[in-house]
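From a predicted model like this one, the values you see are computed outputs, not experimental measurements.
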Amino acid sequence: MRVVRVLPDVAALDKTFDYTVPESWEGDVRVGTMVRVSLHGRRVGGWVVADGVTPPPGVRLRPLAKVTGWGPPAPLVDLARWAAWRWAGPVRAVLRSASPPAAVRGLPAPPGPPTAPAALAPGDGEGLAGEALARQRAVVRLPPAADPYPFAVAAARGGNALVLAPSVDAAARLGDRLRRGGVPVALMPRDWARAAAGGSVVVGARAAAWAPLAELAAVVVVDAHDEAYREERSPTWNAWEVAAERAHRDGVPCVLLSACPTLEQLAWGELVTPSRAAERAGWPVVEVVDRRRADPRTGLYSDRLVLLLRGGGRVVCVLNRKGRAQLLSCAACGEVLRCEHCQGGMAQADEGDGMRCRSCGRARASVCQQCGSARLRKLRPGVARVREELEALAGRAVAEVTGGTDDRVADREPAAGVVVGTEAVLHRMDAADAVVFLDFDQELLAPRFRAAEQAMALLVRAARLVGGRDGGGRIVVQTRVPDHDVVRAAVQADAGRLAGPERARRGLLRLPPATALAVVSGDADGFVAALGADVEVMGPSDGTWLVRAADPTVLATALAAVPRAGARLRIEVDPVRV
DNA sequence: CGGACAAGCTGA
DNA sequence: CAGCTTGTCCGG
């Protein structure tokens, strides 16, 4: 009797169980197949994770209850195990990402060969693509305005390529272009079955790293630095790393494209750069407005900004602060307004005249706790307030975009207009004549160890809206730190200038990639206490511990060595912020 | 996870 | 001691 091992899709049950395979389903069951089984009197879904196993003696086996359909192919089941180890989470969660969104009962016939060899604009990055694909691990520092398309086409020529883009939208656009170019495309997750059938280039966002391709030919990751590639839920796997591991296992090239590759990525692969002239041409002009000597009363509004606002054209202003004012002071005595309960800073309430504590959320009237004056000064105005002030300065309508606005601004705003928003505005718009970072220091000096890389990524996003140097668009950066490595790298259109100093800083502070980190929270006292000597445990502070190891392998091994039976804890490996 | 079952608590 | 809550164990 054939026996398979099944991992049930049941939360908090990371255990496998053996079942017999009824003869009528012989051919439908293999490693990865999605099944239903009876477990403790109920029917649950799960994956076949091993075939032809010898069950432990003394258990009465039950037959599989149902074959739901196709699931991740065997090598991906193995890769899922690796990812679960690498990011210290349940295999089940990873297998879910690797499974089709709806039951797949059969695969379509693979498409024929490409209808037309995908055409490329001559010289348009094709040389660089060839150069990159000739390596097993390449990081191409592709400037913001350069087109990733030639890389996708070049990868597709070799057979079943996997192309990842940071958003579903970006993936769909790239997929459309490939399809128009005559390349058969499977867009994940919609075309899961077509991807599994082979013969197509598979294009998709984060979860497409788990696309069911057989005989992978090459991997291309577009905008590989993008944090959208990181899964937020535990296990916090990163799609570029999963795709890279996959390519490595299959012995095929993996190419990461990014205008600002992360230090992890630079450590992983071989850097391929375009010519200095090409990289320069791919960045817009970046203007620095030095605010060190600025009158504090002019606040966020430099003469340069006013000139741009009045000049017509589409101007996008970025300020990463929501609401009206995030910090207030008394105009009479100068005291900063603080919460009477927790001493946290008070923010202006979104509606009405009151204030709300940013830490504990308690509300109170807008009156100075020191002198009772009701005349307040806004120390940190938010987007809502800034919109009103920009409108007054510009003499034309200013639209506000926040995380809540979900449609694309391009669809409803005139071609020339002023838009202000949090960084979400950079995702909601396609084009602009200028992007102004009203307070870039907030990004540069943010208390997160990846702040510099994240700030650089914002500049890259902004550069996408305004285009390359010859298009005439520009980025304006208002800052009191004009000599910051990020600012200099962007001004000189040379992302490489950031890497060296940033790597040195991280090394000094023993932060990734010099070390590997995990944040452990929840019911974790026992867990962290049992961790081995090759990791360093700090904390707890605020109920979370920080675990540090020499590298990701040591970290994963140490975390995997401690049993977690029943403990309700969360482990975030490679945290974005610590 | 969720069902089964045992041990512990309460009120008459 | 029935009736209920709470805790622990276990699944093929």
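A:Arg173 and A:Asp176 are not joined by a salt bridge, as no carboxylate oxygen comes within less than 4.0 angstrom of a charged side-chain nitrogen. Between A:Arg86 and A:Glu245 there is no salt bridge, since none of the side-chain N atoms of the basic residue sits less than 4.0 Å from a carboxylate O of the acidic one.
Residue A:Pro56 is classed as a base contact, given a heavy-atom separation below 4.0 Å to a base. Within the 4.0 angstrom heavy-atom criterion, only backbone atoms of the sugar-phosphate kind lie near A:Ser38; the bases stay farther away.
Distance CZ (A:Arg60) to C1' (C:dG11): 12 Å, rounded to an integer number of Å. In this structure, A:Leu13 atom CG and B:dG3 atom C1' are separated by 13 Å, rounded to whole Å. Atom CG of A:Leu64 is separated from atom P of C:dG12 by 13 Å (rounded to the nearest Å). For the pair A:Arg5 CZ and C:dG12 P, the computed distance is 14 Å after rounding to whole Å. Atom CE of A:Met1 is separated from atom P of C:dG12 by 16 Å (rounded to the nearest Å). Distance CG (A:Asp9) to C1' (C:dG11): 15 Å, rounded to an integer number of Å. The CG atom of A:Asp51 sits 20 Å away from the P atom of C:dG12 (whole-angstrom rounding). Atom pair A:Asp14:CG and C:dC10:P shows a separation of 18 Å (rounding to whole Å applied).
For the pair A:Arg230 and A:Trp240, the cation-pi criterion (under 6.0 Å, within 45° of the ring axis) is not fulfilled.
Contact check, A:Arg42 against B:dG2: no side-chain N or O comes under 4.0 Å of OP1 or OP2.
For CZ of A:Arg448, the number of neighbouring non-hydrogen atoms (other residues, nucleotides, ligands) closer than 6.0 Å is greater than 12.
For A:His40, taking side-chain heavy atoms from C-beta onward, the closest of the listed nucleotides B:dC1, C:dC10, C:dG12 is C:dC10.
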